[in-house]
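Just so it is clear, the model here is predicted, and its values are computed rather than measured. So that the names make sense, note that chain A is the first sequence line, chain B the second, and so on, each numbered from 1.
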Amino acid sequence: MAAIYSLFIINKSGGLIYYKDYGSAGRMDTNDSLRLASLWHSMHAISQQLSPTVGCTGIDLLRADTFDLHCFQSLTGTKFFAICEPGAPYMELLLKGIYELYTDYVLKNPFYEMEMPIRCELFELNLSQAVQKDRVALLAR
Amino acid sequence: MQFFGGSATTEASLLPAAPPGTGAGGPGNNAHMLYIFNRAGVCLLYREWNRPLRTLNQQQDHKLMFGLLFSLRSFTAKIDPTVVEKGNLGVPLLPGQGCSFYSFKTNTYQLNFMETPSGIKLILITHPKTGDQREPLKYIYNLYVEYVVKNPLYVPGTPIQLILPVYHITSYSSSNF
């Protein structure tokens with residue numbers, strides 16, 4: 001059983017630029033993941049409008065019956081969100097770690113075009129290592 | 001409706017007991033807003049205690065809130081990682097069908113949500129540091145059943161304007177969060 005079920009990265013206009021599944025039940029096709037990503041982008045924006053006080057930056061954590069959704073938004077508007085088991089700890093740290101990997105291996109890649117889907121070998125490699133490490137750390141705890 | 005408002009002392013015995021621990025924090029005021037929607041999206045009750053920021057007029061705000069809940073429901077049902085058969089995105093879900101959510105948190109507020117089998121949606125917006133509010137929401141739903149549904153003068157599907165239920169629901173919400 002994995003702590004993290006899937007990971008989405010969406011650009012600042014709501015387009016899905018990276019999606020990885022780590023063992024959720026049932027298949028999700030590309031169209032569905034694209035739709036879910038843009039739906040999340042708009043939900044995030046609406047939640048800021050409904051805030052009772054100023055300075056709302058959108059949903060950080062959504063608690064559902066069977067999973068938790070952790071979302072991290074970078075200063076440039078790229079959103080990272082992970083679907084994980086209910087109550088999985090330290091997901092914010094994992095998402096920040098993934099953001100670092102994104103800046104190192106995607107943004108510093110001269111062949112990467114901004115706001116386009118991520119196809120970087122080193123990013124894939126380091127991401128899978130980070131997720132693996134997170135799982136091992138979870139087992140050790 | 002006058003006679004109904006005057007019998008608060010006898011009616012109070014009908015109240016289910018408050019869930020343990022909900023009032024333990026003392027009369028702090030962590031609640032921002034409370035919404036009650038019916039299945040059709042009519043806002044039956046809206047109360048606010050602390051809302052410095054208002055971006056929209058009231059009607060638009062209710063529509064936006066109901067739309068957000070509707071979309072988040074279909075989002076959670078579709079993204080649910082434990083179910084193989086997820087259905088299609090955007091198809092209206094029956095109450096209780098598919099995976100639902102019970103709260104979400106932003107840096108400025110926490111939204112607590114409960115949907116009953118009859119499609120009544122209760123939304124309580126509190127400070128982000130408050131804990132799990134599922135039991136208090138059940139208690140508020142009990143108040144709704146006791147004082148609104150069981151009231152012969154209430155016309156189903158219209159905003160709640162009876163004195164007693166509004167008094168009980170809002171005083172419970174404002175004193176317990």
Side-chain angles (χ1 to χ4, degrees), chain A residues 1-8 19 21-29 31-73 81-88 92, chain B residues 31-33 35 48-56 60-90 96 98-113 115 123 125-128 132-134:
Chain A
M1 193 59 135
I4 176 167
Y5 287 116
S6 52
L7 171 76
F8 293 74
Y19 168 65
D21 190 286
Y22 295 100
S24 47
R27 271 193 71 253
M28 192 139 48
D29 62 25
N31 283 332
D32 282 334
S33 51
L34 283 168
R35 268 187 223 125
L36 284 174
S38 51
L39 187 58
W40 181 252
H41 181 75
S42 35
M43 297 296 101
H44 201 268
I46 291 174
S47 73
Q48 296 175 14
Q49 292 224 329
L50 288 167
S51 172
T53 52
V54 288
C56 185
T57 54
I59 307 177
D60 299 329
L61 168 63
L62 173 78
R63 288 208 182 100
D65 302 337
T66 57
F67 65 89
D68 276 5
L69 187 154
H70 289 264
C71 180
F72 168 73
Q73 187 178 23
F81 67 94
I83 312 296
C84 55
E85 282 179 345
E92 297 84 6
Chain B
H32 287 293
M33 291 102 89
Y35 297 80
E48 61 181 45
W49 294 278
N50 176 19
R51 189 173 191 181
L53 178 70
R54 240 176 285 258
T55 47
L56 300 163
Q60 294 289 327
D61 179 70
H62 295 167
K63 272 190 201 167
L64 196 66
M65 175 57 78
F66 190 79
L68 175 71
L69 297 171
F70 183 89
S71 311
L72 271 179
R73 272 280 279 129
S74 53
F75 178 84
T76 51
K78 184 68 190 174
I79 213 165
D80 183 8
T82 58
V83 176
V84 177
E85 197 46 63
K86 294 182 176 90
N88 286 322
L89 194 64
C99 175
S100 182
F101 71 102
Y102 61 90
S103 86
F104 72 70
K105 203 184 275 191
T106 74
N107 58 339
T108 55
Y109 69 97
Q110 173 172 312
L111 182 144
N112 304 283
F113 170 68
E115 189 176 28
I123 298 103
I125 293 182
T126 57
H127 189 269
D132 194 348
Q133 301 293 339
R134 278 179 286 185

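Taken to the nearest 0.5 Å, the CD1 atom of B:I79 stands 3.5 Å off from the CD1 atom of A:I83. Atom OG of B:S74 and atom CZ of A:R35 lie 11.5 Å apart (nearest 0.5 Å). Atom CG of B:L89 sits about 11.5 Å away from atom CG of A:L34, to the nearest 0.5 Å. Annotation: the span from B:N112 atom CG to A:R63 atom CZ amounts to 9.5 Å, rounded to 0.5 Å. If you take CG on B:L64 and CD1 on A:I46, they are separated by 5.0 Å, rounding to the nearest 0.5 Å.
Listed here is the closest heavy atom pair of A:S47 and B:Y109: O-OH, 2.7 Å. When all heavy atoms are compared, the tightest approach of B:C99 to A:T66 is SG-OG1, 3.3 Å. In plain terms, the two heavy atoms of B:T108 and A:V54 that are nearest each other are CG2-O, 3.6 Å. Shortest non-hydrogen contact noted between A:L50 and B:R51 is O-NH2, 3.9 Å. Contact detail for B:N107 and A:G55: the closest heavy-atom pair is ND2-O, 3.1 Å. Across all their heavy atoms, B:D80 and A:F67 have their closest contact at CA-CE2, 3.9 Å.
Using a 4.5 Å cut-off on side-chain heavy atoms (C-beta onward), A:L69 and B:F104 make no contact. You'll find the side chain of B:L72 reaches within 4.5 Å of the side chain of A:W40, heavy atoms only.
With a threshold of 4.5 angstrom between heavy atoms, A:L36 approaches chain B through its backbone and through its side chain. Using a 4.5 Å cut-off between heavy atoms, B:L111 makes no contact with chain A at all. Both the backbone and the side chain of B:K105 come within less than 4.5 Å of a heavy atom in chain A. The contact between B:M33 and chain A is made entirely by side chain atoms (from C-beta outward), counting heavy-atom distances below 4.5 Å.
Considering only heavy-atom pairs separated by less than 4.5 Å from chain A, the leading option among B:N88, B:T106, B:V83 is B:T106. Considering only heavy-atom pairs separated by less than 4.5 Å from chain B, the leading option among A:A64, A:S24, A:P52 is A:P52. Considering only heavy-atom pairs separated by less than 4.5 Å from chain A, the leading option among B:R54, B:K86, B:Q110 is B:K86. Interface remark: of the candidates B:S100, B:S71, B:P52, B:P128, B:S100 forms the most heavy-atom pairs closer than 4.5 Å to chain A. Of the listed residues (B:T55, B:D61, B:L68), the greatest number of heavy-atom pairs within a distance under 4.5 Å of chain A belongs to B:L68.
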